[in-house]
Amino acid sequence: MVQTPVQKNQDLTVEIEDLTYEGLGVAKVDGYPLFIDNALPGERSEIHVIKTLKQFGFARVTKRLTTSPDRVETVGREYTQTGIAPLHHLAYPAQLTFKENQIRQLYKKAHLNIEVLPSLGMADPLGYRNKAQIPVREINGRLETGFYKKRTHDLIPIEDFYIQDPEIDRAILVVRDLLRQYHIPAYNEADNSGLIRHIMVRRGYYSHEMMVVLVTRAWALPYEEEIITGITSALPEVTSIVQDYNPKATNVILGPKTKTLYGKDYLTDHLLGSEFHISALSFYQVNPTQTEVLYTRAVEEAGLTGNEVVIDAYSGIGTISLTMARHAKQVYGVEIVPQAVEDARENAKINGIKNVDFTVGKAEEVMQQWKDAGLKADVLMVDPPRKGLDEAFIDAAGYMKPKKIVYVSCNPATLARDINRLGAFGYQAHTTQPVDMFPQTQHIESITVLTR
Ligand SMILES: C[S@@+](CC[C@H](N)C(=O)[O-])C[C@H]1O[C@@H](n2cnc3c(N)ncnc32)[C@H](O)[C@@H]1O
């Protein structure tokens with residue numbers, strides 16, 4: 001057995017010293033960190049140790065003795081328990097500072113001297129998400145929708161998701177009740193049985209169109225017509241119902257095959273005056289008002305005059321590409337998901353934008369091909385997933401030598417790593433601008449410009 005300074009089931013009184021990047025309070029006992037849900041720096045609490053591992057342990061608060069001035073008593077425990085809104089107990093201004101400091105700490109560790117600017121936050125940081133992906137499970141013989149308890153796949157039933165557009169919450173309940181009414185079996189992870197795995201809903205912020213996606217283990221959907229009629233009569237905003245087929249025993253939510261059961265194959269929404277078609281499988285930023293703030297800043301940072309060639313890597317449905325194309329000579333986008341590229345091409349067409357060209361592929365491979373073919377970009381725009389830029393991508397970018405790289409990041413850890421890697425090619429950054437796309441959560445979005 002591993003010897004640790006504290007034991008499971010021990011009761012202690014501690015002072016919370018810090019917050020982890022996941023928003024858990026940290027207390028140290030003889031240097032041994034304990035991670036504690038719903039605990040803020042500066043608070044003294046009585047705690048009960050629930051788990052001890054070699055390097056760290058977990059505990060829960062049994063009694064809060066002092067309260068942080070940054071604590072807000074807002075909503076229920078299920079939000080920190082499930083990780084829907086793990087920072088909801090921290091006042092919004094303190095959330096923004098917490099995120100800025102996370103970036104500063106990562107830069108310090110990476111020996112980067114980059115100023116982190118005050119975050120661009122939201123005036124009303126609730127109910128902002130335009131998309132929900134809600135697991136469906138059976139609990140005590142009843143189909144339930146909710147969210148997983150942190151670090152488990154135990155579903156906690158939830159009806160008010162707090163950070164989602166309330167119309168989306170309402171839609172989830174309508175679908176849940178129809179599934180109950182027609183006795184449609186919920187998915188069971190234990191033996192990969194049952195049918196309905198997830199309900200995904202997207203709602204256009206400006207269009208108010210709604211898409212409902214039923215993620216199923218098998219194609220056959222009993223009472224399909226009744227369910228469609230039930231959804232469309234209760235939710236007149238629904239313009240599209242899609243079935244996504246995901247037969248595998250996997251944590252990945254969406255399978256690669258979809259079938260439109262009702263209406264259009266896509267949802268329509270607007271951003272910065274352009275119209276966008278968004279298919280079920282395509283990425284679309286989840287915070288529409290902050291996306292406009294982010295893109296406006298990214299375009300400003302690119303400093304376009306109308307003569308530039310721009311590469312938009314990880315281009316999704318072309319939202320940044322089309323925004324940039326209005327201010328540039330030519331934009332080349334690259335994106336791995338074929339449906340997203342189809343959407344991007346369609347989006348260029350419906351907005352009458354001709355100076356864009358989209359390629360399906362891995363950014364790291366296509367970038368190499370472009371470099372080998374002698375393509376020169378003035379501005380390289382990157383907006384990668386959390387894992388950041390592939391080394392092959394950075395090599396190709398380094399040899400292509402764009403004057404400017406505008407890096408939109410959703411993970412400051414990989415951002416810091418990539419800035420250092422780009423540094424080997426002579427690129428430097430001076431400031432990072434956080435834009436809070438994910439209030440009440442630990443996620444951090446930012447823009448950084450690198451020049452040579
Ligand atoms: C953070 S999203 C950004 C999308 C778009 N720029 C936007 O703002 O809507 C990242 C995108 O990268 C795509 N992606 C992931 N890995 C990729 C890769 N290796 N090559 C190209 N695209 C990739 C994802 O499908 C997703 O659309």
Side-chain angles (χ1 to χ4, degrees), residues 129-131 133 202 204-205 252-256 258 266-272 274-299 301-302 310-325 331-348 351 356-371 379-397 405-415 418 435 437-438 441 443-448:
R129 274 189 72 100
N130 61 9
K131 174 184 167 187
Q133 294 189 125
R202 262 190 180 135
Y205 178 77
V252 178
I253 295 178
L254 296 173
T258 60
Y266 55 85
L267 179 82
T268 304
D269 201 17
H270 301 264
L271 274 177
L272 296 172
S274 296
E275 183 176 323
F276 291 99
H277 289 184
I278 310 143
S279 301
L281 298 181
S282 297
F283 174 91
Y284 187 58
Q285 298 283 0
V286 296
N287 186 331
T289 53
Q290 288 296 87
T291 300
E292 295 193 320
V293 173
L294 180 79
Y295 288 179
T296 302
R297 185 55 77 107
V299 172
E301 294 287 10
V310 178
I311 289 178
D312 177 19
Y314 310 88
S315 50
I317 61 164
T319 44
I320 296 182
S321 313
L322 300 192
T323 310
M324 296 248 171
V331 177
Y332 296 95
V334 53
E335 160 64 44
I336 201 166
V337 174
Q339 288 88 338
V341 173
E342 273 172 41
D343 287 348
R345 290 180 181 141
E346 179 66 16
N347 290 333
N351 288 289
V356 285
D357 188 71
F358 293 101
T359 302
V360 182
K362 289 187 180 165
E364 52 275 27
E365 290 175 5
V366 173
M367 193 67 184
Q368 289 277 357
Q369 290 158 13
W370 281 339
K371 180 209 79 180
V379 176
L380 170 61
M381 172 79 226
V382 296
D383 184 6
R386 289 181 55 74
K387 68 176 184 200
L389 303 175
D390 195 277
E391 272 190 271
F393 182 93
I394 291 180
D395 281 350
I405 301 176
V406 182
Y407 194 138
V408 173
S409 157
C410 57
N411 181 353
T414 52
L415 169 68
D418 293 346
V435 179
M437 300 283 276
F438 312 102
T441 82
H443 296 292
I444 304 173
E445 186 93 8
S446 65
I447 305 178
T448 304

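Just so you know, ligand 1 is whichever comes first in the structure, and atom 1 is the first atom listed for that ligand.
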Are any of the side-chain heavy atoms of Asn347 and Ser274 separated by less than 4.5 Å? no

Hey, is the main chain of Val334 close enough, under 3.5 Å, to the side chain of Ser315 for a donor-acceptor pair? yes

Which atom pair, heavy atoms only, marks the closest approach of Arg202 to Ile278? NH1-CG2, 3.4 Å

State, with a plain yes or no, whether a side-chain heavy atom of Ile444 is found less than 4.5 Å away from one of Phe438. no

With side-chain hydrogen bond (donor to acceptor under 3.5 Å, both in side chains) as the test, would you mind laying out the steps for Thr359 and Tyr332 before giving the verdict? CA-CA 8 Å; Thr359 302; Tyr332 296 95; over 6 Å; no

Students should be able to answer this: which protein heavy-atom is nearest to atom 25 (O) of ligand 1, and at what distance? Glu335 OE2, 2.7 Å

Give yes if a backbone or side-chain nitrogen or oxygen of Ala363 is under 3.5 Å from a nitrogen or oxygen of ligand 1, and no if not. yes

From atom 16 (N) of ligand 1, work out which of Ser321, Ala392, Pro385 has a heavy atom at the shortest distance. Pro385

Report the nearest protein non-hydrogen atom to atom 19 (N) of ligand 1: residue, atom name, distance rounded to 0.1 Å. Glu364 OE1, 3.2 Å

Over all heavy atoms of both residues, which pair between Asn287 and Met437 is shortest? Give the atoms and the distance, please. ND2-O, 3.0 Å

Are the ring centres of Tyr284 and Tyr205 closer than 6.0 Å? no

Taking 4.0 Å as the limit for heavy-atom contacts, which would you say applies to Phe393 with ligand 1: side chain only, backbone only, both, or neither? neither

Report, in ascending order of atom number, the atoms of ligand 1 lying under 4.0 Å from any heavy atom of Gly361. 20 (N), 21 (C)

Just distances here: any N/O of Ile336 and N/O of ligand 1 closer than 3.5 Å? yes

Are any of the N/O atoms in Asp383 less than 3.5 Å from those in ligand 1? yes

Do Tyr314 and ligand 1 have an N or O pair less than 3.5 Å apart? yes

What atoms of ligand 1 come closer than 4.0 angstrom to any heavy atom of Thr319? 7 (C), 8 (O), 9 (O)

Counting only heavy atoms, which portion of Val337 has something under 4.0 Å from ligand 1: side chain, backbone, both, or neither? side chain

Number the atoms of ligand 1 from 1 as they appear, then name those within less than 4.0 Å of a heavy atom of Tyr295, with their elements. 7 (C), 8 (O), 9 (O)

Which residue, Val379, Leu380, Asp383, Asp312, forms the side-chain contact (heavy atoms from CB on, under 4.5 Å) with Val406? Val379

Check: Lys362 N/O within less than 3.5 Å of ligand 1 N/O: no

Show your reasoning for whether side-chain contact (heavy atoms from CB on, under 4.5 Å) applies to Thr268 and Glu275. CA-CA 7 Å; Thr268 304; Glu275 183 176 323; 3.6 Å; yes

